A.B. asks: 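The structure under discussion is supplied below as structure tokens; questions concerning it will follow.
What you are looking at is a predicted structure, and each value in this text was computed from that prediction instead of being measured. Along the sequence shown, residues carry numbers from 1.
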Amino acid sequence: MAGEAGGGRPRDWLSMDETAAAFLSRSLSTRPPILLPPPLHRAPLRPGNVVEIAGPSGSGKSQLLLMSAVQCILPKEWEGVYFGGLGKAVMYIDLDCRFDVLRLAQILRKRIAACYGSVHPTNENFVTDGSKDKFHSFESTLFSDCMKRFLYVRCYNSSELVAALKSLKSQSEARSEVFGIGVYFLMLDSIGAFYWIDRALQPTRESKGKTLSFQSITETVVQEIHKFLQLQPILVLVTKAPIYGEGITTSNDFQRGSLKHMSEDSTALRYPKREEERNGSCREYMPSAWQTFVTHRIKLQDLAQEAGFFSEQENEMLSVHTCEWVQPSLNSKEKFYIKDDGVGLIQ
């Protein structure tokens, strides 16, 4: 017997070498739960999960990504001030080319100011006692430190996306050597940005004989992310804009129309309504390789038909959005609004 020849018994591999408690403790230490800000806090997330955030334009998808990015790059504590962040690096891959760095900076600065103010409340002598200069020095140093952990990549087609994912390992290692931390969050905004372009391409064959199409490109994207997850568990957050039923065009699609379509007879164009965008038949367009790869799904909606939420802090009426966990199904919808420092829940 092979086991006997090796000096051991054939059933040695069945012997217990770790208790359930020890296994649970080891699993939690290697892949600790990740706490994201509301409304992404309902379901437990861990490194290795792939979260898909789907919703129409204006439903808050990119805002939730930016909030999560700020949560990741902020430290847990800094000079006696508690922030509750992760102190990790983020790679943000922008496929829509609509990333707003000023909005990211605004959320980050607001979070820093709020946490600092909870420990060092302002007083009447805020200017004369030097507290203002002290805060500006504190904010500037921490802001610069956080932004060093934010890695931004812009892609203009699927080939550049695949190239960026292939370089993910080297980028993470470079960050780890310089700052002592690797990439912990991978964000893609949004995964279906090149859908129509890739669908319009005629299937061609690469040098290795593999057919290049939208499905094969998606499979390559999944493979590259999966390879990195095996080497270094990270949390993957992806936004996805929906494709509605036949004959329905979203207002966002209309705004992106070419000059050729704009010059056509305007009577031939069907101007969409928000009601059609919300209630239109939304279909899944990503290949099965992507659908099976996703572990968590979130659906967002913009409740434009309802009255807005008046925020006393912002002193204005704000749009209301809903967040629903589809996978796992939590059978509940949370209403939220977008404010200067991120997102607020409506109780």
Side-chain angles (χ1 to χ4, degrees), residues 27-37 40 44-53 61-76 78 83-97 99-101 103-105 107-108 111 142-156 158-191 193 218 220-240 290 293-296:
S27 300
L28 291 177
S29 62
T30 54
R31 296 192 178 188
I34 300 174
L35 297 178
L36 294 181
L40 303 179
L45 299 174
R46 297 185 181 278
N49 291 151
V50 180
V51 184
E52 180 186 270
I53 306 174
K61 301 186 300 297
S62 298
Q63 296 296 324
L64 294 185
L65 284 191
L66 294 181
M67 276 192 58
S68 301
V70 169
Q71 180 72 11
C72 185
I73 62 179
L74 271 173
K76 184 176 181 179
W78 178 274
F83 294 95
L86 302 175
K88 305 284 187 179
V90 173
M91 174 180 273
Y92 190 105
I93 301 181
D94 181 17
L95 306 180
D96 272 341
C97 296
F99 171 73
D100 189 355
V101 66
R103 176 57 177 159
L104 173 66
I107 297 175
L108 179 56
R111 282 285 302 273
L142 179 56
F143 179 85
S144 177
D145 185 73
C146 290
M147 292 302 288
K148 290 177 182 178
R149 292 191 282 268
F150 187 85
L151 179 61
Y152 174 76
V153 180
R154 175 177 291 183
C155 299
Y156 295 96
S158 294
S159 298
E160 293 184 1
L161 171 59
V162 173
L165 293 175
K166 286 182 179 294
S167 66
L168 184 57
K169 180 176 179 294
S170 59
Q171 292 279 3
S172 180
E173 292 176 346
R175 290 269 158 171
S176 181
E177 292 178 0
V178 177
F179 303 106
I181 51 173
V183 174
Y184 197 60
F185 280 11
L186 173 63
M187 299 181 174
L188 279 74
D189 188 19
S190 70
I191 190 62
T218 305
T220 302
V221 169
V222 171
Q223 290 172 4
E224 293 301 328
I225 298 177
H226 182 68
K227 286 180 184 178
F228 188 77
L229 289 178
Q230 290 181 319
L231 296 174
Q232 179 181 331
I234 60 174
L235 179 64
V236 182
L237 296 170
V238 182
T239 64
K240 186 182 74 174
W290 174 260
F293 184 56
V294 173
T295 61
H296 296 72

A.B. asks: How close do S172 and G182 get, heavy atom to heavy atom, and via which atoms?
C.D. replies: OG-CA, 3.6 Å
A.B. asks: Please report the closest heavy-atom contact between L45 and L40, naming both atoms and the distance.
C.D. replies: CD1-O, 4.4 Å
A.B. asks: Where is the tightest heavy-atom contact between C155 and L95, given as atom of each residue plus distance?
C.D. replies: CB-CD2, 3.6 Å
A.B. asks: Which atom pair, heavy atoms only, marks the closest approach of R149 to D145?
C.D. replies: NH1-OD2, 2.8 Å
A.B. asks: Which heavy atom of S68 sits nearest a heavy atom of F185, and at what distance?
C.D. replies: O-CE2, 3.7 Å
A.B. asks: Taking the side chain as every heavy atom from C-beta outward, state whether L229 and V236 have any atom pair closer than 4.5 Å.
C.D. replies: yes
A.B. asks: Taking the side chain from R175 and the backbone from V90, do they hold a donor-acceptor pair closer than 3.5 Å?
C.D. replies: no
A.B. asks: Taking all non-hydrogen atoms of both residues, which atom of F83 and which atom of P75 are closest, and how far apart?
C.D. replies: CB-O, 3.2 Å
A.B. asks: Parallel, tilted or perpendicular: which describes the rings of F99 and Y92, with under 30° parallel and over 60° perpendicular?
C.D. replies: tilted
A.B. asks: Between M147 and L104, is any pair of side-chain heavy atoms under 4.5 Å apart?
C.D. replies: yes
A.B. asks: Is any side-chain heavy atom of I234 closer than 4.5 Å to one of K88?
C.D. replies: no
A.B. asks: Return yes if some donor-acceptor pair links the side-chain N/O of E52 with the main-chain N/O of K240 below 3.5 Å, else return no.
C.D. replies: no
A.B. asks: With side chains defined as the heavy atoms from C-beta onward, is the minimum distance between K61 and L65 less than 4.5 Å?
C.D. replies: no
A.B. asks: Does N49 reach the side chain of R46, with side-chain heavy atoms less than 4.5 Å apart?
C.D. replies: yes
A.B. asks: Taking the side chain as C-beta and beyond, is there a heavy-atom pair between K169 and Q232 under 4.5 Å?
C.D. replies: no
